[in-house]
Amino acid sequence: MLDSIRIILINTFHPGNIGSAARAMKTMGLSDLCLVTPRTFPAPQADAMAAGALDVLTSARVFSSLDEAIADCSLVVGTSARTRTHSFSRPMLSAEQCAAQLLSGAQQSRVALVFGQETMGLTNSELEKCHFHTCIDANPEYPVLNVASAIQILCYEVFKASRQNNHPEPEQEYPLNRELEQFYQHLETTLMDIDFIVRQHPGLVMTRLRRLFNRTRPEAKELNMLRGILGAAQKAAKGAASKNSP
């Protein structure tokens with residue numbers, strides 16, 4: 001199961017943190033490291049900080065976007081010290097709950113734990129792509145962790161939970177992120193076709209709908225049914241338009 005848990009770092013500017021992440025992962029039995037637009041990689045500083053985990057570091061893959069890095073994942077958890085906006089808060093997991101969710105999902109497919117840039121963390125648009133958020137309990141007066149330290153703590157929670165051997169297999173089959181993104185594109189196009197979304201002023205409709213579906217996590221069969229409904233709605237809209245055309 002640990003092989004199916006992916007650690008993703010976005011826009012990391014200090015290469016030493018990438019090496020430290022690789023070391024933290026190997027210590028806890030994880031090996032799938034992905035980097036999204038790192039500032040400098042490969043780099044001697046990363047090699048030095050990786051120490052005995054050069055195998056994890058050298059096998060790390062680099063992506064140009066978060067979408068590419070999570071395309072084959074059915075569950076994405078974003079790390080955040082706080083929810084950026086109260087209007088679009090997502091389900092928040094403790095470190096222990098995060099580990100349990102990742103291990104459960106990893107029995108079915110790839111899952112991902114995402115860390116943002118060192119000083120800014122994950123952006124709102126990046127958080128929108130996550131099913132859950134997780135945070136590490138810390139001193140409320142100074143809840144600041146170095147990204148490598150945060151990776152070490154959460155990887156430890158995953159490793160600790162993996163040794164309990166009491167993770168029931170998920171009964172549902174969830175779609176991969178690429179399939180979910182295709183659904184969102186289809187949904188947005190359909191809502192424009194039926195004039196629910198105004199192309200020139202789309203507002204926050206899709207942001208709210210993304211939050212809704214990410215929170216409810218439709219199963220693969222349910223998503224296929226929703227795609228069928230959207231297709232029927234588009235067909236009906238085209239038929240109505242042709243009847244009303246002169």
[X]: salt bridge (Lys or Arg N to Asp or Glu O under 4.0 Å) partners, not counting sequence neighbours:
X    : value
K221 : none
E157 : K160
E181 : R210

Would you be so kind as to tabulate the donor-acceptor pairs closer than 3.5 Å made by side chains of residues 60-67, with sequence neighbours excluded?
{"unit_1": "R61", "atom_1": "NH2", "unit_2": "D32", "atom_2": "OD1", "d": "2.8"}
{"unit_1": "S64", "atom_1": "OG", "unit_2": "E68", "atom_2": "OE1", "d": "3.1"}
{"unit_1": "S64", "atom_1": "OG", "unit_2": "E68", "atom_2": "OE2", "d": "3.0"}
{"unit_1": "S65", "atom_1": "OG", "unit_2": "E68", "atom_2": "N", "d": "3.2"}
{"unit_1": "D67", "atom_1": "OD1", "unit_2": "K129", "atom_2": "NZ", "d": "3.1"}
{"unit_1": "D67", "atom_1": "OD2", "unit_2": "K129", "atom_2": "NZ", "d": "3.4"}

Side chain to side chain contact (heavy atoms under 4.5 Å, CB included) between I10 and F115: does it pass, once the steps are laid out?
-> CA-CA 6 Å; I10 300 178; F115 296 82; over 6 Å; no

Heavy-atom closest pair (A220 atom, P175 atom, distance to 0.1 Å) is N-CD, 3.7 Å

With distance as the sole criterion, is a donor-acceptor pair present between the side chains of Q234 and H186 under 3.5 Å?
-> yes

Taking atom types as modelled, find out whether Q117 and T119 have a side-chain donor-acceptor pair closer than 3.5 angstrom.
-> yes

For [X], enumerate each residue passing the side chain to side chain donor-acceptor pair (under 3.5 Å) test, keeping only those at least two apart in sequence or located in another chain.
X    : result
R23  : none
T216 : none
Y156 : none
R39  : N11

Relative to the ring of F213, is the ring of Y184 parallel (under 30°), tilted (30 to 60°) or perpendicular (over 60°)?
-> tilted

Output the rest of the hydrophobic cluster of V144: all Ile, Leu, Val, Met, Phe, Trp and Tyr residues reachable through side-chain heavy-atom contacts under 4.5 Å, sorted by chain and number.
-> Y142

Who else is in Y174's hydrophobic cluster (ILVMFWY, side-chain heavy atoms under 4.5 Å, direct or via others)?
-> none

Any pair counted as salt bridge (charged side-chain N to carboxylate O under 4.0 Å, His left out), so long as it reaches residues 183-197, sequence neighbours left out | D193-R199

Can you give the donor-acceptor pairs under 3.5 Å from side chains of residues 40-59 to other protein atoms, not counting sequence neighbours?
{"unit_1": "D55", "atom_1": "OD1", "unit_2": "K26", "atom_2": "NZ", "d": "3.2"}
{"unit_1": "D55", "atom_1": "OD2", "unit_2": "K26", "atom_2": "NZ", "d": "3.2"}
{"unit_1": "T58", "atom_1": "OG1", "unit_2": "L54", "atom_2": "O", "d": "2.9"}
{"unit_1": "T58", "atom_1": "OG1", "unit_2": "D55", "atom_2": "O", "d": "3.3"}
{"unit_1": "S59", "atom_1": "OG", "unit_2": "D55", "atom_2": "O", "d": "2.9"}
{"unit_1": "S59", "atom_1": "OG", "unit_2": "V56", "atom_2": "O", "d": "3.1"}

